[in-house]
Structures are given as C-alpha cells and as structure tokens.
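Encoded as structure tokens, the structure appears first; notes follow it.
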Amino acid sequence: MKIGPIAIPGAGERATGTFTFSGDEGLAKYEWPYIAIAGLQAGPIVLITAGIHAAEYTGIEAAIRLGRTISPDAVRGTILILPLLNRPGFYERSIYVNPEDGDNLNRLFPGKPDGTWGERFAHHLLAEIITKCDYSIDLHAGDLIEDLEPFVIYRETGTPALDERIRGMADAYGARWAVKGMPTSERPGSLFAVAALNGVASMIAESGGRGLLIEEDVARHVTGVTNVLRTIGLLSGRPERVEPPTVVKSFEWLRSPVEGIFHSHVRVAQLVKPRDLLGDMTDLVGEPLAAVTAPVGGVVLFIVTSPAIKKNGLLLAIGEL
Ligand SMILES: [Zn+2]
C-alpha cells in the first residue's frame with residue numbers, strides 16, 4: 001500500500017524513512033521524515049503530524065517517540081507519523097513561518113498547485129496524504145517565544161457523525177481546556193480545519209513551548225495521543241477515563257497597538273477578569289506607550305515571552321470563560 005509518495009510496510013511491520021514531492025522542483029529540494037506502522041489487523045488510517053511550526057519541539061519529539069514505541073502488534077489499522085512538516089524551518093529555527101516564503105504554513109490549506117512554496121506544499125500534503133487518512137492529529141506547542149497552557153483545538157463541520165468523532169478525540173486527549181472553531185471559523189487555512197472539512201476527523205493538541213524539550217510536556221502529548229488512539233479503537237488497551245476539557249467561548253488574540261518593549265503582568269493558566277491589566281508597552285527609553293487590558297474574562301492560554309514586539313505584534317491569548 002502507498003499513501004501518496006510514502007510506501008506503507010506489510011502488516012505487522014514498522015518502516016522509517018524520508019519522502020519528497022517529486023515533480024515540483026522547489027519541494028523536491030527537501031526530504032521529509034516519516035514513520036509508518038502497519039497493524040497486524042486492518043483498520044482505519046491515522047495521520048499524526050508535528051512541526052508545521054518548526055520550533056514547537058515537544059510535538060516533534062512526541063511524534064517521533066510514538067513512532068518508535070507503538071508496537072505494530074497493538075495496532076488495528078495504520079499509523080502514519082510525519083514528525084516535521086516545516087522541514088525548511090527546522091535548522092533555521094524559524095518562528096511561526098517557513099523560510100522559503102515567510103508564510104505561516106498552518107494558514108495556507110487547501111493550498112494551490114501553482115502557488116507559493118507553502119501553498120504548493122499544503123496542496124500536495126492535503127491531496128496526496130491527509131485526505132487518504134481517516135483521522136488526523138496535529139501536534140503543536142507554544143512557539144520558540146511563547147509560553148503556553150496545554151489545550152486542544154477542534155472545529156465543527158456541521159456533519160453530526162463526523163463532529164461526534166472529532167469531539168470524541170478532543171475529549172480523550174486529557175487537556176483541561178479546548179478551543180472550538182465554528183464551521184465558518186476565524187483563522188482559516190489550518191491543517192486540522194481543512195482536513196475536517198474534507199471529512200477527516202481532526203484535532204490539534206498544544207503542550208509545552210519556549211523551545212524547551214521539557215519531559216512533562218512531551219509526555220503529555222504522548223499520553224494524550226495514546227489515549228486518543230485507544231478511544232478510536234486503533235490501539236489495543238483500555239482508554240483511560242479523563243475529564244473532558246472545558247470549551248472556551250472564544251479565543252481572543254491580543255496584539256500590540258505600538259512597537260516597543262512588552263512587560264507581561266500575568267502567567268499562563270492565570271484566570272483574568274474583563275479590563276484587568278495584563279501588561280504594558282514602553283518605548284526603548286522606558287516611556288510608557290500603552291496598557292494591555294483584558295477584553296474578556298477567561299484563562300491565559302499563551303503569552304509571548306520575547307519583549308521585542310512590532311506594531312500589531314502578538315502578545316497573548318485568552319480563552320474566554
Ligand atoms: Zn503551532
């Protein structure tokens with residue numbers, strides 16, 4: 001069996017290697033790593049991806065660890081793991097974007113066959129790999145300059161049977177918080193959202209950040225994905241019963257009205273009330289420029305840890321409660 005350019009091994013085997021998208025010179029400069037696990041028994045195909053943001057290391061590390069430790073004997077179906085989607089950005093330590101074109105790869109789906117590097121990558125990945133799978137789990141963290149409270153993200157499609165499968169996955173990961181996108185979602189073009197619109201049961205999980213490979217953050221992803229795989233029947237073993245996450249009412253991203261130095265007054269996971277002072281901006285000699293206040297009450301889900309902020313630069317996000 002092949003999934004796009006990737007040869008899946010025979011039943012009961014694991015294969016590792018690299019693949020590329022031949023026929024596109026710009027993409028074919030790179031080799032992407034993969035780990036494929038073919039279960040002894042036939043069943044659905046699960047795609048586990050990470051590193052679409054190249055410096056979100058806990059997701060990358062967890063994807064590799066799952067690929068090396070899940071036994072094919074315990075699998076009913078196929079697990080395809082792509083641990084590093086933003087291959088151009090990894091050794092460049094790119095934050096948010098892909099150095100080939102400066103775009104955020106997780107905003108470009110479904111992509112275009114004749115577009116920019118990122119649009120062509122998104123097109124090939126979606127058409128040749130993602131849509132061949134039944135489930136998709138995309139692992140993230142706070143980026144190199146972000147601290148983060150763990151959460152999951154999923155999107156409703158309006159198709160009840162699919163939405164039920166998606167909700168089941170998100171509930172099984174074991175996060176305390178969930179962000180739910182609507183069928184007409186803000187921030188379109190994400191891998192998970194476009195996969196869901198193409199009938200693939202999809203979610204994002206976020207754990208860790210700041211470029212740190214903290215074991216607890218990696219282990220949270222490994223445990224969470226393992227529980228999702230057990231819940232959907234792809235991996236043997238009884239799923240652990242975990243509390244479903246609290247779904248926040250909205251996901252508010254705060255941006256700075258000015259360029260300057262950001263001083264945060266809050267921490268991730270902190271609960272804030274509407275109009276609370278969350279931080280302030282000063283210029284390069286310390287003159288106050290702006291106060292950052294909470295537009296809604298809720299939980300702080302991520303904070304930019306770098307104080308160097310451009311005008312309209314991202315500062316932090318609140319999950320509204
Ligand atoms: Zn990310």
Side-chain angles (χ1 to χ4, degrees), residues 32 47-64 66 81-109 111 118 121-122 125-126 130 136-155 169-170 173 175 177-181 185-196 202-214 217-218 220-222 224-225 228 245 248 251-255 268 300-306 313-319:
W32 281 266
L47 176 66
I48 299 171
T49 50
I52 197 166
H53 297 131
E56 296 179 358
Y57 303 124
T58 53
I60 295 167
E61 183 75 6
I64 294 170
L66 286 158
I81 296 174
L82 308 182
L84 179 55
L85 293 181
N86 188 343
R87 182 66 188 74
F90 186 68
Y91 292 114
E92 301 302 323
R93 300 175 180 147
S94 301
I95 299 169
Y96 299 143
V97 301
N98 152 35
E100 282 283 338
D101 54 23
D103 268 342
N104 184 337
L105 275 178
N106 207 26
R107 301 287 181 273
L108 301 177
F109 290 85
F121 173 75
L125 188 72
L126 181 69
I130 297 169
S136 154
I137 305 170
D138 193 27
L139 300 178
H140 288 245
D143 215 316
L144 199 62
I145 44 105
E146 288 173 348
D147 198 6
L148 177 139
E149 160 77 354
F151 59 101
V152 293
I153 311 177
Y154 64 100
R155 173 181 178 148
M169 294 167 75
Y173 178 88
W177 310 105
V179 171
K180 183 172 77 165
S185 193
E186 67 281 12
R187 282 178 286 282
S190 296
L191 187 161
F192 86 99
V194 176
S202 306
M203 64 174 282
I204 278 182
E206 301 264 5
S207 172
R210 295 176 291 154
L212 300 174
L213 266 184
I214 293 172
D217 296 327
V218 178
R220 183 182 297 106
H221 267 330
V222 171
V225 172
V228 172
V248 300
F251 193 23
E252 301 289 330
W253 289 28
L254 276 60
R255 294 178 177 275
V268 290
V300 177
L301 290 179
F302 69 76
I303 300 177
V304 172
T305 55
S306 165
L314 192 57
L315 298 174
L316 57 91
I318 300 172

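Quick note: residue numbers are just sequence positions, from 1. Order of listing sets the numbers, starting from 1, for every ligand and every atom in it. Nothing here was measured: the structure is a model prediction, and the numbers come from that model.
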- Any donor-acceptor pair under 3.5 Å linking the side chain of His221 with the backbone of His140? yes
- Message: Nearest N/O/S atom of His53 with respect to the Zn ion (ligand 1), by atom name, please.
- Response: ND1
- For atom CZ of Arg93, decide whether the heavy atoms of other residues, nucleotides or ligands shown that lie under 6.0 angstrom number more than 12. no
- Give a yes/no answer: is there an N/O/S atom of Asp143 under 2.8 Å from the Zn ion (ligand 1)? no
- Note on the structure: Atom name of the N, O or S atom of His140 nearest to the Zn ion (ligand 1) is ND1
- Can you check whether Tyr96's main-chain N or O pairs, donor with acceptor, with Asp143's side chain at less than 3.5 Å? yes
- Message: Can you confirm if the aromatic rings of Trp253 and Phe302 lie within a centre distance of less than 6.0 Å?
- Response: yes
